Amino acid sequence: QVQLVESGGGLVQAGSSHTLTCLASGRTASISAMGWFRQAPGKEREFVAYIRWNGGTSVYEDSVQGRFTISRDDAKNTMYLQMNSLKPRDTAVYYCAASRYLYNLRAEGSYAAWGRGTQVTVSS
């Protein structure tokens, strides 16, 4: 009952910064946390970051810690991923997801709603 739409993907240069946006609609009152996942070519989808909707506590996958920042604007039902110092290995389809739970938020199974993804390509 929650719909998610990612935007902001594109082709960027290594070392540059870029921001992704995820807009939630529908039954947004059920959202307890939102997360970003990504799927690189030939690889399985992996966890990137999550943020608890109330309070804004966030957690990051080790490879993006210190480079990516997840944030949200609950009044706008919008989540962002600020990506700095981008590397070619960051190239992937990035997905946003929404969860009604406040636990196991690194796991895909904790998220019931998913966007269709947006492609980020980082050229060297």
Side-chain angles (χ1 to χ4, degrees):
Q1 295 180 353
V2 174
Q3 294 79 46
L4 304 174
V5 179
E6 305 96 337
S7 62
L11 176 63
V12 298
Q13 291 289 321
S16 66
S17 298
H18 201 70
T19 300
L20 303 179
T21 299
C22 177
L23 176 64
S25 61
R27 195 182 175 188
T28 57
S30 67
I31 298 175
S32 295
M34 294 183 70
W36 288 99
F37 292 76
R38 67 186 181 184
Q39 186 170 23
K43 299 182 67 177
E44 296 295 318
R45 188 160 56 189
E46 66 176 352
F47 167 75
V48 176
Y50 72 73
I51 185 167
R52 294 188 173 95
W53 215 244
N54 290 329
T57 301
S58 58
V59 173
Y60 299 87
E61 190 267 332
D62 288 344
S63 69
V64 306
Q65 180 75 46
R67 297 191 298 122
F68 289 12
T69 301
I70 188 171
S71 62
R72 87 281 185 267
D73 185 337
D74 55 359
K76 298 180 179 180
N77 295 318
T78 302
M79 178 179 65
Y80 307 92
L81 185 67
Q82 174 67 48
M83 304 180 291
N84 298 326
S85 301
L86 282 163
K87 305 174 181 179
R89 63 187 176 94
D90 294 317
T91 295
V93 177
Y94 283 73
Y95 299 88
C96 66
S99 175
R100 65 180 182 180
Y101 304 112
L102 291 172
Y103 51 89
N104 294 337
L105 293 171
R106 297 175 185 266
E108 294 182 31
S110 296
Y111 298 83
W114 292 82
R116 292 184 176 182
T118 187
Q119 175 72 47
V120 175
T121 302
V122 183
S123 62
S124 60

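Everything numeric in this text was worked out from a predicted model, so none of it was measured. Here, residue 1 is the first one in the sequence, and each next residue gets the next number.
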- Query: Would you call V59 and R106 a side-chain contact if the rule is heavy atoms closer than 4.5 Å?
  - Reply: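 They are in side-chain contact.
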
- Item | Heavy-atom side-chain contact between I70 and Y80 under 4.5 Å |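 The answer is no, as the side chains (C-beta and beyond) never meet within the 4.5 Å cut-off.
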
- Message: side-chain contact (heavy atoms from CB on, under 4.5 Å) for T19 and L81? Distances and angles first, verdict last.
- Response: CA-CA 5 Å; T19 300; L81 185 67; over 6 Å; no

Taking the side chain from [X] and the backbone from [Y], do they hold a donor-acceptor pair closer than 3.5 Å?
{"X": "S58", "Y": "I51", "value": "no"}
{"X": "Q39", "Y": "E44", "value": "no"}
{"X": "R52", "Y": "T57", "value": "no"}
{"X": "S110", "Y": "N104", "value": "yes"}

Can I get a per-line list of side-chain donor-acceptor pairs under 3.5 Å for residues 21-29, giving both atom names and the distance, sequence neighbours left out?
{"from": "R27", "atom 1": "NH1", "to": "Q1", "atom 2": "OE1", "distance (Å)": "3.2"}

Under a 4.5 Å side-chain heavy-atom rule over Ile, Leu, Val, Met, Phe, Trp and Tyr, are [X] and [Y] clustered together?
{"X": "Y60", "Y": "W53", "answer": "yes"}
{"X": "M79", "Y": "F47", "answer": "no"}
{"X": "Y50", "Y": "Y94", "answer": "no"}

- Message: Can a side-chain donor-acceptor contact be found between Q119 and T121 if the only test is distance below 3.5 angstrom?
- Response: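 Looking only at side-chain atoms, Q119 and T121 do form a donor-acceptor pair, the distance falling under 3.5 Å.
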
- Message: Ignoring hydrogens and geometry beyond distance, is a side-chain donor-acceptor pair present between D73 and T78 at under 3.5 Å?
- Response: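 No pair is found: no donor N or O on one side chain lies under 3.5 Å from an acceptor on the other.
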
- Output all residues satisfying side chain to side chain donor-acceptor pair (under 3.5 Å) with Q3, sequence neighbours left out; order by chain, then residue number.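 Partners of Q3 under the side chain to side chain donor-acceptor pair (under 3.5 Å) test: none.
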
Taking all heavy atoms of [X] and all of [Y], pick out the closest pair and write down the distance.
{"X": "L20", "Y": "T118", "result": "CD2-CG2, 4.1 Å"}
{"X": "S124", "Y": "P88", "result": "CB-CG, 3.8 Å"}
{"X": "R72", "Y": "G55", "result": "NH2-N, 3.6 Å"}
{"X": "Q13", "Y": "S123", "result": "NE2-OG, 3.1 Å"}

Measure the [atom1]-[atom2] distance between [X] and [Y] for me, rounded to the nearest 0.5 Å.
{"X": "Y103", "Y": "L105", "atom1": "OH", "atom2": "CG", "answer": "9.5 Å"}
{"X": "F68", "Y": "N84", "atom1": "CZ", "atom2": "CG", "answer": "8.5 Å"}
{"X": "M34", "Y": "Y111", "atom1": "CE", "atom2": "OH", "answer": "9.5 Å"}
{"X": "N77", "Y": "I31", "atom1": "CG", "atom2": "CD1", "answer": "6.5 Å"}
{"X": "M83", "Y": "H18", "atom1": "CE", "atom2": "NE2", "answer": "5.5 Å"}
{"X": "Y101", "Y": "S30", "atom1": "OH", "atom2": "OG", "answer": "10.5 Å"}

- Task: Establish, for the pair R45 and Y95, whether the NZ or CZ atom is under 6.0 angstrom from the six-membered ring centre and no further than 45 degrees off its axis.
- Result: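 Geometry flag: set, cation within 6.0 Å and 45°.
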
- Is it true that R38 and E46 make a salt bridge, defined as a side-chain N closer than 4.0 Å to a carboxylate O?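 E46 and R38: salt-bridged.
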
- Can the ring centres of W114 and F37 be said to be less than 6.0 Å apart?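 Yes, close enough.
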
- Message: Check this for me: N54, atom CG, are more than 12 non-hydrogen atoms of other residues, nucleotides or ligands nearer than 6.0 Å?
- Response: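 Counting neighbours around CG of N54, 12 or fewer heavy atoms of other residues, nucleotides or ligands fall under 6.0 Å, so no.
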
